Amino acid sequence: MSSVPSTAIVPRSPASLREAWVALVGLSAVFLFEMLDNSILNVALPTIGRELHASTVALQWVTGAYAVVFGGLMLAFGALSDRVGRRRVMLVGLLLLAMASLATAFVTTAEQLIAVRVAMGVAAAMTTPGSMALAFRLFDDDGLRVRAITLISTVGLVGLAIGPTAGGLVLAIAPWQVLLLVNVPIAALAFLCVRLGVQRDVASDLHRDPVDIAGALLGTATIVMALVAPTLFVSDGASSWLPWTVTAGAIAAATLFVLRERTARHPLLDLSLLALPLVSSGLAFKAATGIATAGLGYLVTLQLQLAWGWPPALAAIGLLPQVVVLVASGPFVNPFVQRVGFDRAAWLSASAVVVGLAVYALLGSFGYVWVAIALVLVAAGMRVVGVVAGTNVLRGLPKERTTIGAALVDTVSEVASGVGIAVTGTILAALFTGSIATADWSARQAAEFQESVTIAGVVLTVAAAALVGWGIIRGRRVPR
């Protein structure tokens, strides 16, 4: 019996977004869960801490456990999806998400909640890369691919933007568990729409190479330690031995991972794919954006509330320019890409991120106007990079490696964000004397903080600019 499906059962690619609306609703719901989850939960952390009698460390891991598991397992589940089916893995992940969210209703201790968050992180790793991969494979036309991914990301960004406000309103009338139970109807909607709207996996779009278990373990260990290290630098300080030990462990695991992937007959991640121009340039742009946005968000939040004394509500309003641009610029992404082309759109938008970060580093201390300009530039650049760079990576890969490519894009963003926070946190810890959370700073502390912000901003700008430069050089090697 032939394993190649006949052309009669190969589905026709939709000619418009309207034809694929059921699938797009499901994939958008998947991305909404990822973006809404942490933003809506953060506002409830004080309440959770009081009701579950959680320590500071336990409370940190309520959110940290999800992020670490999510980031650590994306590559492994991306590789698995390219073998057994993207749609199949996503549906299983959505079931796990629904069950883990339901378990929140029975949580009575912080440890139980952390376990629930771990399960939700596993579900996110199974579903999130697949949302981009399935949206990309849903269409044959690159223009429709950009529009579809833009639509999905816009839904997610709306969730990210309204999460804290919605969470605060819910807490005023309902217990905090409702914030996680809301994932149940989201998962149900996504499951139904993906099952009805996305065709079954086609054998010719997958591959049957054996799973590289050793590579999966080493890759997961590398990413987990790379994500844990930044939090340790911020919480324990650069003078502690623990963050440096974890960093060394991440480097050692990464070295072993590379050696394993170079010698394995069927590697988890074929490293030769990273040398493809579209792939390497797209990942460089995503990494630059991740470093810039995480570092800027961390610095601006501290500056508004600690250095300038803004209350949390006013500080939230101060971040609105970024939120507005992220949400409102969606309709302009596709026309911009069509006007300038994929390659120029990628490097122009990545360059805007670098310029915005430089504006903040050099001029942010002179008033909020400069901070707002920096937020707008970074948000506008990030909005385009998020769609175009990811699409370019998938365009540059064989079709049977689509999900591992999407997982690689998400993993690079997660790790780069961790690096951005680690750099800023370490520089602040090294230069600022005393407790940064003290209400009244001395003139010396205020000067130290501003010096730390400037140095951290410049360091991040140089790092992001180097990545963008590398991405531009690699992009020029794409065959025309």
Side-chain angles (χ1 to χ4, degrees), residues 22-38 40-41 63 65-104 114-138 149 152-153 155-156 159 180-202 205-206 211 213 216 219-220 223-224 227 268 390 394 401-411 413-414:
V22 175
L24 291 176
V25 168
L27 299 177
S28 297
V30 171
F31 199 62
L32 175 64
F33 148 67
E34 181 203 347
M35 302 300 285
L36 182 65
D37 187 77
N38 264 333
I40 199 173
L41 187 66
T63 55
Y66 170 86
V68 168
V69 172
F70 173 40
L73 291 179
M74 274 192 291
L75 278 182
F77 278 118
L80 181 67
S81 297
D82 283 336
R83 287 166 169 83
V84 305
R86 302 167 189 114
R87 178 178 178 269
R88 181 178 301 167
V89 171
M90 175 172 283
L91 291 176
V92 173
L94 289 171
L95 287 175
L96 175 61
L97 170 61
M99 290 187 293
S101 300
L102 278 174
T104 307
I114 292 171
V116 167
R117 298 293 289 161
V118 167
M120 294 175 71
V122 175
M126 296 177 74
T127 56
T128 301
S131 63
M132 180 186 290
L134 288 174
F136 182 85
R137 288 296 164 203
L138 198 61
I149 294 175
I152 292 170
S153 61
V155 172
L180 293 181
L181 288 172
V182 72
N183 287 323
V184 178
I186 293 176
L189 174 65
F191 184 93
L192 181 64
C193 290
V194 169
R195 196 170 190 278
L196 295 177
V198 177
Q199 296 289 338
R200 292 179 181 272
D201 298 289
V202 179
D205 285 349
L206 306 173
V211 177
I213 297 177
T220 299
I223 298 164
V224 166
L227 291 173
L268 175 79
L394 300 187
R401 307 286 176 175
T402 303
T403 317
I404 188 69
L408 192 59
V409 171
D410 288 337
T411 301
S413 296
E414 287 282 325

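Hydrogens, waters and symmetry mates are skipped; everything else that's a heavy atom, side chains included, is used. Remember, predicted model here, so these are calculated numbers, not experimental data.
Between atom OG of residue Ser101 and atom CG of residue Leu96 there is a gap of 9.0 Å, rounded to the nearest 0.5 Å. Taken to the nearest 0.5 Å, the CG atom of Leu94 stands 9.0 Å off from the CZ atom of Phe33. Of the inter-residue distances, the one linking Thr127 atom OG1 with Leu97 atom CG reads 7.0 Å to the nearest 0.5 angstrom.
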Q. Stepwise, does the side-chain contact (heavy atoms from CB on, under 4.5 Å) test hold for Arg195 with Arg87?
A. CA-CA 8 Å; Arg195 196 170 190 278; Arg87 178 178 178 269; 3.5 Å; yes
(Q) Before you tell me yes or no, could you show the steps for Met120 and Leu180 under side-chain contact (heavy atoms from CB on, under 4.5 Å), namely the whole-Å CA-CA distance, both residues' side-chain angles and the distance that decides it to 0.1 Å? (A) CA-CA 10 Å; Met120 294 175 71; Leu180 293 181; 4.1 Å; yes
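The shortest heavy-atom contact between Leu27 and Ala135 is CD1-N, 3.7 Å. Between Ala216 and Ala76, the shortest heavy-atom distance links the atoms CB-CB, 4.3 Å. Annotation for Ile152 and Ser131: closest pair CD1-O, 4.3 Å, computed over non-hydrogen atoms. Minimum interatomic distance between Ser153 and Phe31 (heavy atoms only, all atoms of both residues): CA-CE2, 3.5 Å. Among all heavy-atom pairs drawn from Ala125 and Leu73, the shortest one is CB-CB, 3.8 Å. Taking all atoms of both residues into account, the shortest heavy-atom contact from Leu138 to Ala23 is CD2-CB, 3.9 Å.
Screening residues 74-86 for side chain to side chain donor-acceptor pair (under 3.5 Å) gives Asp82-Arg86, Asp82-Thr403, Arg86-Thr403 as the qualifying pairs, with residues at least two apart or on separate chains.
Of the candidates Leu95, Leu134, Val198, Thr128, Met90 forms a side-chain contact (heavy atoms from CB on, under 4.5 Å) with just one, namely Leu134.
In this structure, Val122 and Phe77 have side chains that are in contact, with non-hydrogen atoms separated by less than 4.5 Å.
Although no hydrogens or angles enter the test, the distance criterion places a donor-acceptor pair under 3.5 Å between the side chain of Thr220 and the main chain of Gly72.
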